[in-house]
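Within every chain, numbering begins at 1; the chains are lettered A, B, ... in the order of the sequence lines, protein sequences first and strands thereafter.
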Amino acid sequence: MMKKVSAYLILAFLSVPLTALASERAGDVVAVRGDAFVERQNFSIKAKKRFELLEEDNVRTEEQARIKMLFRDDSILTLGPKSRLIIKQYLYSPQEKRAESIYELVDGRLRSVVGNAVYKVTTPTAFSAARGTTYLIWYDVLKEVTGIAVFDGEVEAGNIDPSIKETVVVRKGEVVYILKNMPPSIPSPIDTKIKDIEVETIVEDMPDLRFPVWRPLIPPHPEWAEAVKPPIEQRPEINTRIYIYLNFP
Amino acid sequence: MEIGIISQNRPSVDASRCYKLLKTVNNRLKILVELFFISVILLLLFNYSSAEDNEKVVEISLTKGTFLIDSERYEEAIEVINKGLELRPSDNRLLLTLGIAYSRSGRYTEALEFIKKVLTLDPENCRARYELGLVFLGLHNSPEAEKNFKEVLERCPDEHIKDAVTKYLELLLVSRTESEKTAHLSLLAGIQYDTNVILEPSEPIIKRPKKSDQRSVSVIDAGFEVLKTERLRLRAGYMFYQSLHRSLTDFNIHQHSANLKLDANINESVKALISYTIQYSLVGGDLYSVINTISPGIEFQTKGDLTTCLFYRHDFRKFFDSDTFQSNSLRSGGINAIGISERFMLWENGGITAEYSIETEDTERDYLDSLGHRVSIMFWRGLKDWSFYLKGEYLYKRYKGIEPGFSEKLKEGKQEYSLGIEKKIAKGISLSLSEVYILNDANIGIYDYTRNITGLYVVLRF
């Protein structure tokens with residue numbers, strides 16, 4: 001019994017930092033085009049600029065929508081239209097300013113500019129691991145195929161099924177396809193169609209515009225506070241005091 | 001023969017040597033050429049890859065910089081964007097974002113430099129033109145701001161930017177109309193309920209039959225500009241106040257107040273001010289006081305939206321005795337006050353005003369002479385049809401002499417809290433509600449009192 005209690009205590013003790021880590025900010029939404037949502041603990045919240053993202057958040061975009069996210073390690077992730085991404089794991093070390101992150105692309109497309117992170121993206125058919133890379137990954141639910149196109153750096157890719165051991169290193173300017181239960185295809189050059197898709201996914205953002213606060217038709221001024229007060233400050237009347245003088249013979 | 005042989009053989013030996021030598025030189029040259037080409041290719045590759053790296057750094061700089069600006073973390077944004085600019089010194093997007101970061105942080109001179117650079121490279125850049133207008137607004141250069149905003153309106157296809165610019169142009173028009181106004185007139189009429197008209201002590205020796213009352217209040221406030229040059233502005237004002245009590249008619253106040261105010265701009269951020277006011281008051285139909293006030297000051301517009309004013313005030317006060325105030329004339333004398341006020345604008349039409357002053361009061365009796373400290377803070381905000389204020393003030397006074405009949409010098413602290421709210425109901429007409437609570441706390445019980453004034457008014461502005 002004691003052993004069981006101790007085991008629970010140890011488990012509870014160990015789970016404290018993990019829970020704390022789980023609720024930490026992973027990144028922020030920096031731009032939204034169209035309708036995008038963040039699903040968190042059975043709630044769906046419409047994503048807006050500066051919305052904080054946490055581990056386990058599920059980010060979803062509607063048709064013709066895009067969402068750009070900036071993570072703490074400086075990675076920039078842009079989710080294309082009709083896509084869904086889960087932040088599976090995000091561990092950030094503020095001392096090293098470095099992260100270990102795993103994302104799951106359930107559907108649609110994702111453009112990544114990888115910052116200072118050990119960065120992994122999985123799809124239902126594939127995994128990709130990158131460091132300091134710019135690449136596009138997409139998953140077609142109907143065809144059950146993942147495409148990975150690299151624009152800068154290198155990406156290691158393979159089938160999500162651990163029994164398929166073959167992996168491939170996709171270099172700059174190359175694309176691979178990974179079908180369900182199949183090893184990755186031989187890398188081939190990126191065609192213009194893929195380049196166009198990448199350009200379409202990019203969201204260029206600028207700081208918010210500044211709108212003026214409307215000048216009121218009623219100009220408030222400090223004197224206004226005085227106008228409603230009686231302009232004379234009479235002291236309590238000292239002459240109402242009663243003095244009684246007693247004279248003794 | 002031998003010679004011949006030798007001579008025959010010698011050339012053949014030399015040719016072979018020459019051939020070998022030539023072959024070696026040729027090979028070495030080949031290696032050198034190959035090495036040269038390899039280095040050129042490597043150099044190109046290296047440059048290409050660093051160009052790719054630069055692209056990534058620039059993208060991160062822009063995205064992060066923009067995010068930091070929107071989060072109002074301007075110094076961090078400037079640092080991040082500068083990292084990108086080290087790699088791409090003439091990247092227009094980076095230059096514009098840096099200009100915006102400087103502009104939002106109130107560093108308008110630096111912002112002007114970078115935004116102008118963007119417009120030199122791309123004169124049709126709408127966003128840069130709009131930002132330039134904002135920078136000129138920040139630099140209080142309304143004509144230049146208006147010029148740039150109008151240019152955006154004419155050329156820019158972006159509806160969102162056009163919308164913002166239209167609002168700024170409307171704002172500029174309103175402020176220009178206001179500043180061009182040379183005269184103003186406002187009327188206030190309303191009713192008040194005062195819980196302590198006569199300032200009766202909280203624990204009076206003899207309780208009066210009535211101390212609270214209702215009254216009507218009328219205020220006329222008028223002013224006009226006598227003189228306006230580039231540096232000087234002279235304004236004249238007049239205020240009339242009349243209160244009519246329902247029962248305590250002996251406390252009806254009738255007051256006329258006239259003033260002259262002169263502002264002189266010393267430079268862009270320093271202004272000298274001087275004002276003179278004469279106030280003539282009657283209470284219950286009897287002459288109560290005549291007060292002349294002169295107040296010079298100097299105002300500094302510091303960085304951003306903070307204005308500091310150092311002021312001095314002298315009141316020449318003459319009080320008159322009446323049936324109600326039989327020893328009023330003893331209070332005649334003067335008040336000298338010196339103070340500082342800070343006004344911090346949190347919005348275009350709202351902010352916080354804080355003030356501190358130290359004042360000495362000289363009268364005809366030492367027990368009425370005092371040294372006081374006054375501190376106040378006021379928060380106010382104006383919206384399209386609404387405006388409101390909240391004010392708190394504390395005045396602590398220490399009297400210099402002992403009043404006959406008492407054993408100690410009087411010390412009193414007066415707390416005053418007020419709030420007001422005004423709602424525009426039609427053009428030039430608004431309704432206003434106000435509440436003032438006063439608590440006077442003294443070491444001599446007879447001077448303790450509380451007072452509450454609630455009022456409802458109609459305000460007309462012309």
Is Tyr135(A) reaching over with its side chain to a backbone N or O of Glu154(A), donor-acceptor style, under 3.5 angstrom? no
Side chain of Asp70(B), backbone of Phe67(B): donor and acceptor closer than 3.5 Å? no
Using non-hydrogen atoms and a 4.5 Å limit, figure out which bit of [X] sits close to chain A: side chain, backbone, both or neither.
| X | value |
| --- | --- |
| Ile60(B) | both |
| Arg343(B) | neither |
| Ser71(B) | both |
| Tyr130(B) | side chain |
| Asn328(B) | neither |

Given Arg109(A), Glu62(A), Arg33(A), the one that forms side-chain contact (heavy atoms from CB on, under 4.5 Å) with Pro81(A): Arg109(A)
Do you know which of Leu77(A), Thr122(A), Thr123(A) makes side-chain contact (heavy atoms from CB on, under 4.5 Å) with Leu105(A)? Thr123(A)
Between Leu70(A) and chain B, which part of the residue has a heavy atom less than 4.5 Å away: side chain, backbone, both or neither? side chain
Under 4.5 Å from any heavy atom of chain B - which part of Val203(A): neither
Check this for me: Lys49(A), atom NZ, are more than 12 non-hydrogen atoms of other residues, nucleotides or ligands nearer than 6.0 Å? yes
